[in-house]
Trainee: 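Just dropping this structure here.
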2 protein chains.
Amino acid sequence: MSIDGQLPPKARLLRAAAELLAKSGGAPVSTRQITKLAEVTAPTLYHHFGDKEGLFDAVVAAGFEEYVAGERDFAPSGQPLEDIRRMWDNHVQFGLNQPELYLVMFGNIRPESRPAIVADAEGLMEEMLNKAAAAGQINVPPREAARSILAANVGVTLMLIAEPATERNLELSTLTRDAMIFAVSTDQAPGAGADSGRSSVVVAAIALNAALQASNPDQLSSSELKLFLEWLHRISSSNT
Amino acid sequence: MSIDGQLPPKARLLRAAAELLAKSGGAPVSTRQITKLAEVTAPTLYHHFGDKEGLFDAVVAAGFEEYVAGERDFAPSGQPLEDIRRMWDNHVQFGLNQPELYLVMFGNIRPESRPAIVADAEGLMEEMLNKAAAAGQINVPPREAARSILAANVGVTLMLIAEPATERNLELSTLTRDAMIFAVSTDQAPGAGADSGRSSVVVAAIALNAALQASNPDQLSSSELKLFLEWLHRISSSNT
DNA sequence: CTAGCACCTATAGCGTTGCTATATGAACTG
DNA sequence: CAGTTCATATAGCAACGCTATAGGTGCTAG
């Protein structure tokens, strides 16, 4: 029930914080609990981490490593959309496995201040969507698609966490997941919906844009390329 | 800067709490601030509301009335899916207009304990989806569809709130909204597009070129387009 | 070997938090 | 008028995040 006394105080604080955060069941964790478990006094905490949030950030950073590792560890199946599916599922699973940590990472939102974690997660998702875009499987700019999918992913995970564990129905996740992926993918026939106007021009422009990000061609000078990309963006951002 | 002294203490507490919550910009609001603004002492608060959370719940209940009123106030257009769109937009707008209240209502999540508000919002959404289902426009059970859409709606709203107001891009909302609605609606056909993953800058450029031949975009002027096509040709003619 | 210095940790305590035991006043009820 | 109930106030507790200050430790320089 205590922390290995051999470790340096900083590491003991990190472990104690992580342990209490994991076991607290969502209840707030006090610095006094942490320092007591770490067998350390208050100023030590503030010396190493500045304040409570600094300590939590450090814990989150560790948790994020774990999260990112999970998001990267499966072999890229060669089917980007399938990889995005697994990314989604991994995200949800991470949230359900470590709800308190997840809430600190994605749930502790304040207006006008986005935690860095969210931006990183966005980048991760965007990276994957770039591959899909390069393969012409996406009909929306990768950045927007990534933000959209991630927002839905977070929303679903939060909703699942808020539910009693016995009632949790992962169908909510798969349904929403496939809905989002389906909606941004080109792998659909033009229905009568508003998306039908999203012509193949836009799709091709998005794909080319993504491909160019991966490898700059030497057929254009840098100034030409700059203007070229601008026009490309203008085309791929059109909504009609 | 103070609360109408004519009102009974209970109402004054409610107003003070709402006012401080709205102005706090996400920072925690203390009971002492509230009671001071309401010109009342601490026990009065606890006599009427039990505890701080009880007071906030009461504030939220009032906010929820406003929210529900907004969700109901537009005439049912006869097109359930269109109504759901407006419901979504109204939800987002409510969140952006009163971010602090919204965060108390939808963001203050703890594991295994779902705020009643969420259940109510779910019911509202489900109600609307029932109409869509009755019209044969839904290919998913209304309850699941409602939960799924609401989860995405909340996720998007939270993400928008977390962003600096200047960077907020409502396209994220409309994109996700239409994606979700499109995915649960019957108004779609199974896809046939099978452009496999063998893409590159050249392939994408060729595809874009072909697409542009079919329909010229109006985002570029004719002179821009001419140069654009020339560069495109240069890229797609390369051998790499 | 010692002086000095930077680093790390502890003692003690400040100001604020949510909340309450107790008491007092007012208003209705028998 | 006595009794009860409701509503508010006085005063204060325990816990919170945090810090001013000081003391101990290990290093390097002379």
Side-chain angles (χ1 to χ4, degrees), chain A residues 2-61 100-101 103-104 107-110 113 115, chain B residues 2-61 100-101 103-104 107-110 113 115:
Chain A
S2 103
I3 297 290
D4 185 351
Q6 304 295 39
L7 269 57
K10 186 171 179 178
R12 266 182 289 159
L13 278 169
L14 271 175
R15 286 208 188 180
E19 183 176 328
L20 287 175
L21 217 50
K23 289 183 181 171
S24 70
V29 177
S30 73
T31 60
R32 282 175 166 82
Q33 291 173 16
I34 297 171
T35 55
K36 182 182 176 185
L37 178 59
E39 288 166 342
V40 153
T41 52
T44 306
L45 190 162
Y46 294 93
H47 173 72
H48 287 291
F49 299 100
D51 60 1
K52 186 185 186 181
E53 200 172 318
L55 171 58
F56 280 26
D57 283 351
V59 174
V60 162
E100 294 79 16
L101 186 56
L103 286 178
V104 173
N108 218 3
I109 286 177
R110 303 214 161 163
S113 90
Chain B
S2 100
I3 297 290
D4 186 351
Q6 303 297 42
L7 268 57
K10 186 170 179 179
R12 266 183 289 161
L13 278 169
L14 271 175
R15 285 207 187 181
E19 185 176 325
L20 288 175
L21 217 50
K23 289 183 181 172
S24 70
V29 177
S30 73
T31 58
R32 281 175 168 81
Q33 290 173 10
I34 297 172
T35 54
K36 182 183 176 185
L37 179 58
E39 288 167 340
V40 153
T41 52
T44 306
L45 190 162
Y46 294 93
H47 173 70
H48 288 289
F49 299 100
D51 61 3
K52 186 185 185 180
E53 200 173 317
L55 171 57
F56 280 25
D57 283 350
V59 173
V60 161
E100 296 78 16
L101 186 55
L103 286 178
V104 173
N108 219 4
I109 287 178
R110 303 214 162 163
S113 90

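A note on names: the letters A, B, ... follow the listed sequences, proteins ahead of strands, and every chain is numbered from 1.
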Trainee: With a 4.0 Å limit, can you tell me whether B:T44 has a side-chain N or O closer than that to the phosphate oxygens OP1/OP2 of D:dT8?
Mentor: no
Trainee: Please report the closest heavy-atom contact between B:Y46 and B:T31, naming both atoms and the distance.
Mentor: OH-CG2, 3.5 Å
Trainee: Any side-chain heavy atom of B:V59 sitting closer than 4.5 Å to one from B:F49?
Mentor: no
Trainee: Establish, with yes or no, whether the OP1 or OP2 oxygen of D:dT8 is under 4.0 angstrom from a side-chain nitrogen or oxygen of B:H47.
Mentor: no
Trainee: Do the side chain of B:K52 and the main chain of B:L45 share a donor and acceptor less than 3.5 angstrom apart?
Mentor: no
Trainee: Looking at A:H48, does any N or O in its side chain come under 4.0 Å of the phosphate oxygens OP1/OP2 on C:dC7?
Mentor: no
Trainee: Between A:I34 and A:F56, is there a side-chain heavy-atom distance shorter than 4.5 Å?
Mentor: yes
Trainee: At under 4.0 Å between heavy atoms, which parts of nucleotides 12-25 of chain D does protein reach? Answer with one letter per nucleotide, 5' to 3': B base, S sugar-phosphate only, - none.
Mentor: B---BBBBB-----
Trainee: Tell me: NZ of B:K36 to C1' of C:dT17, nearest whole Å?
Mentor: 16 Å
Trainee: Between A:E19 and A:R15, is the closest basic N to carboxylate O distance under 4.0 Å?
Mentor: no
Trainee: Counting the atoms with a prime plus P, OP1 and OP2 as sugar-phosphate, which does B:P28 contact under 4.0 Å by heavy atoms, base, sugar-phosphate, or nothing?
Mentor: nothing
Trainee: Evaluate the side-chain proximity of A:V60 to A:L101: yes if any heavy-atom separation is below 4.5 Å, no if none is.
Mentor: yes
Trainee: Could you tell me how far apart B:F49 (CZ) and C:dG18 (C1') are, to the nearest whole angstrom?
Mentor: 16 Å
